[in-house]
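Below is one structure, written out as structure tokens; comments come after it.
Chain letters run A, B, ... following the sequence lines, proteins first and then strands; every chain starts at 1.
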Amino acid sequence: MLDIKYIIDNTDTVKKSLARKGFPSENIDSLISTYLEMNKLKTSSQALAETKNKLSNSIKSATAEERPSIIAKSKELGEELKKEQEELSILETKFNDMMLRLPNYPSPDCPDGPDDTHNVVIRKVGTPRTFDFTPKDHIELMEMNDWSEMERIAKVSGSRTYAIKNDLAQLELAIHMMVLDKLRSHGFTVITVPALSKERPLYGQGYLPFSRDEIYYMPADDLYLSGTAELILNSLRADEILSENELPILYAGFSPCFRREAGAAGKDTRGLVRVHQFMKTEQFVICKNDIAESEKWHQKLLAISEEVLQDLELPYQVLDICTGDMGAPKYRQYDLEAWVPSQNCYRETHSCSNITDWQARRTNLRYRDNADGKVKYVHTLNNTGIATPRALVPFIENHQNADGTVNIPVKLRPYLGGKTKIGKNA
RNA sequence: GGAGAGUUGGCAGAGUGGUAAUGCAGCGGAUUGCUAAUCCGUCAUCGUGAAUAGCGAUGCACAGGUUCGAGUCCUGUACUCUCCGCCA
């Protein structure tokens, strides 16, 4: 959500900024006129309320003879007021709906463009490996090592699900443990959170009102399945006024994640790349309302996830996401993509975003600034720590040997009982 | 699932029909000056203002209702705690 007063005082700047994300300028004009209309009505109904309050309060000290006429007059005003307030609440609902649909301002530094073809590669780290044998894709590797039950689980749980077993199942958990340890060493609070969410957090995160199709909903309990721990962590402190001394708050959230993948028909239908349910360790930061401060944390989060891919010894590239490809909540977004040999390209493993105060305005999460005692909205940021099973795809493909075994990078070995290699022939 | 108790500001905590006490913390100011104390103000949201000035509206979990007037009375919902039941 954005600040309406800023929009009114800087209409042209706002229009230009949001146009970079494809948001129509006319919508800003109608937003402002709705706001002005709403305030006009608000002013008149408040004046009415003032008169009525004064009248009501005078009853206590009025004489018995005076009372009936005052009560009658007050009752009359009450009905008039009620009518105005009903009109007002219709306008308020309209205004709030419009506010909820405004995307965040994009950073002046991020690239412009309508879609992902305009994302900019900032750097590539590591070199894609040249194999002296024909590398297998991750599905073949799973089959030959007895690491999965892909066909059988589809019968039980439907398409885009997975069941992995033996060394691969333990590898999945080991990677999360490694990342959680790393985050803890960087000062993060490790926290496991539910996959269940009420509706309000979805508005708080900015998933709603934009993409309801992507979310599992359970009408019997009026609950949603969370697509990421970010959803939960972003609302964990909702409506609080924090002390500045509590900031920054760093969470390393671990949770199952659910996505309907409604818009991904036909994409990545086989294997572990795109599934309805997966496990994610998430980095989430709540910091002061200061762009230099949140940009510092944005770089820090990016550095941590790069470190994760380096520890996993995977070649990757860093993308600066363009205005048209980043979601509505984002001020700036970097994606990390790891090299997938079987697809001969880089595939997304991490998405690192600075949301500035856009989510905090929705969750009403604020803090009291030490310098001036003022209450301000916090900035929030999020980044993947690691998401599995997707990350297992580049992992087992990059580290495979000709005999189907998979090498374990040094940093991960302590989490797998010191194993250097996994697989049937290991 | 059953029974009971509860939900008031950043925190603590009064208030059972007539304008939300008080304390602590934070912020601003004054004063005194031995690392601090004291006093005053402020302390959430919104409207109207150039205004961080005044004035006003709103705010006691949420949504309704009764009333001239609701933190207070009534109904519903959510959540928390205690006990019972069930259970990974």
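Residue-level contact check: A/S56 touches the bases, meaning some heavy atom is under 4.0 Å from a base atom. Counting non-hydrogen atoms under 4.0 angstrom, A/R67 reaches nothing in the nucleic acid. Note on A/K198: only backbone sugar-phosphate atoms sit closer than 4.0 angstrom, heavy atoms only; bases stay farther off. Within 4.0 Å of A/N370, counting heavy atoms only, lie sugar-phosphate atoms of the nucleic acid but no base atom. A/I59 comes within 4.0 angstrom of a base, heavy atoms only. No engagement by A/S243 is indicated, since no non-hydrogen atom pair under 4.0 Å with the nucleic acid exists. Nucleic acid contact class of A/K52 (heavy atoms, under 4.0 Å, all strands): sugar-phosphate only. Residue-level contact check: A/K5 touches the backbone only, with heavy atoms under 4.0 Å from sugar-phosphate atoms and none from bases.
No side-chain donor-acceptor contact under 3.5 Å links A/E295 to the backbone of A/A292. When atom types are taken as modelled, the side chain of A/E313 and the backbone of A/Q310 share no donor-acceptor pair closer than 3.5 angstrom.
Shown here, B/rG10 is classed anti by the O4'-C1'-N9-C4 or O4'-C1'-N1-C2 angle, which is more than 90° from 0.
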Let's go through A/F258 and A/H276 carefully: what are the C-alpha distance in whole Å and the side-chain angles of both, what is the deciding distance for ring pair (Phe, Tyr, Trp, His ring centres under 6.0 Å) to 0.1 Å, and is it a yes or a no? CA-CA 5 Å; A/F258 298 86; A/H276 286 309; 9.6 Å; no
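Contact detail for A/F278 and A/Y162: the closest heavy-atom pair is CA-OH, 4.2 Å.
Atom pair A/D239:CG and B/rC60:P shows a separation of 14 Å (rounding to whole Å applied). As rounded to whole Å, 20 Å separates atom P of B/rC43 from atom CD of A/E244. Spacing between atom OH of A/Y367 and atom C1' of B/rC43 amounts to 17 Å, rounded to whole angstrom units. What separates CG of A/N364 from C1' of B/rA44 is a distance of 9 Å, to the nearest Å.
None of A/P103, A/S17, A/P111, A/P106 except one satisfies the side-chain contact (heavy atoms from CB on, under 4.5 Å) rule with A/T323; the exception is A/P106.
Comparing B/rU48, B/rU45, B/rG26 by their nearest atom to the side chain of A/T43 picks out B/rU48. Side-chain proximity of A/V375 to B/rU58, B/rA44, B/rG47: nearest is B/rA44.
The residue among A/K75 and A/S45 whose nearest nucleotide of RNA chain B is located toward the 5' end is A/S45. RNA chain B is contacted by both A/N53 and A/G78; A/N53 maps to the nucleotide lying nearer its 5′ end (nearest heavy atom per residue).
For the C1' atoms, the distance linking B/rG33 with B/rC39 amounts to 15 Å, nearest Å.
For B/rA25, there is no paired nucleotide, since no Watson-Crick or G-U wobble pair has both relevant distances below 3.5 Å.
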